[in-house]
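The structure under discussion appears below in the form of structure tokens.
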Amino acid sequence: MEQTPKHNTESMKRANETSIYKLMTVGVLISILGVYLRFAADSTTLSIVSWVILTIGSIIACKAVFKILDA
């Protein structure tokens, strides 16, 4: 019995799209900015803004991971 190669499936083609990895990279870079701002200064306003930026970056990165898993 000959099996079909698993690297030609639709899920593998979708998981190898560069747009998904670009989205993940943007999410990670935004998260890094949020972490940096979190420890840059001791201000309540800056701390809240940094948590918001970190949350947005995490959501973007998770969105990219879920796009890969959806494939």
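In what follows, every heavy atom counts, from backbone to side chain, and hydrogens, waters and symmetry copies are set aside.
- In this structure, V26 is not a member of the same hydrophobic cluster as L29, with clusters built from ILVMFWY side-chain heavy atoms closer than 4.5 Å.
- To the nearest 0.5 Å, the span separating OG1 on T55 from CD1 on I30 amounts to 12.0 Å.
- Taken from OG in S50 to OH in Y36, the straight-line distance is 12.0 Å, to the nearest 0.5 Å.
- Remark: the backbone N or O of S43 is not paired with any side-chain donor or acceptor of S47 at under 3.5 angstrom.
- Expressed to the nearest 0.5 Å, how far CG of L33 lies from CD1 of I56 amounts to 10.5 Å.
- When side chains are defined from C-beta on, I68 counts as touching M24, because their heavy atoms get closer than 4.5 Å.
- Note on V65: it clusters hydrophobically with Y21, by side-chain heavy-atom contacts below 4.5 Å among ILVMFWY residues.
- The heavy-atom pair separating S31 from S58 by the smallest distance is OG-N, 3.2 Å.
- Side-chain contact between L54 and R38 is absent, with no heavy-atom pair separated by less than 4.5 Å.
- The hydrophobic clustering, which links ILVMFWY residues whose side-chain heavy atoms are closer than 4.5 Å, places I48 and F39 apart.
- Distance OG1/T25 to CD1/I20: 11.5 Å, rounded to 0.5 Å.
- Residue L46 is grouped with residue I53 when hydrophobic side chains (ILVMFWY) are merged at heavy-atom distances under 4.5 angstrom, including chains of intermediate members.
- Note on V28: it does not cluster hydrophobically with L37, by side-chain heavy-atom contacts below 4.5 Å among ILVMFWY residues.
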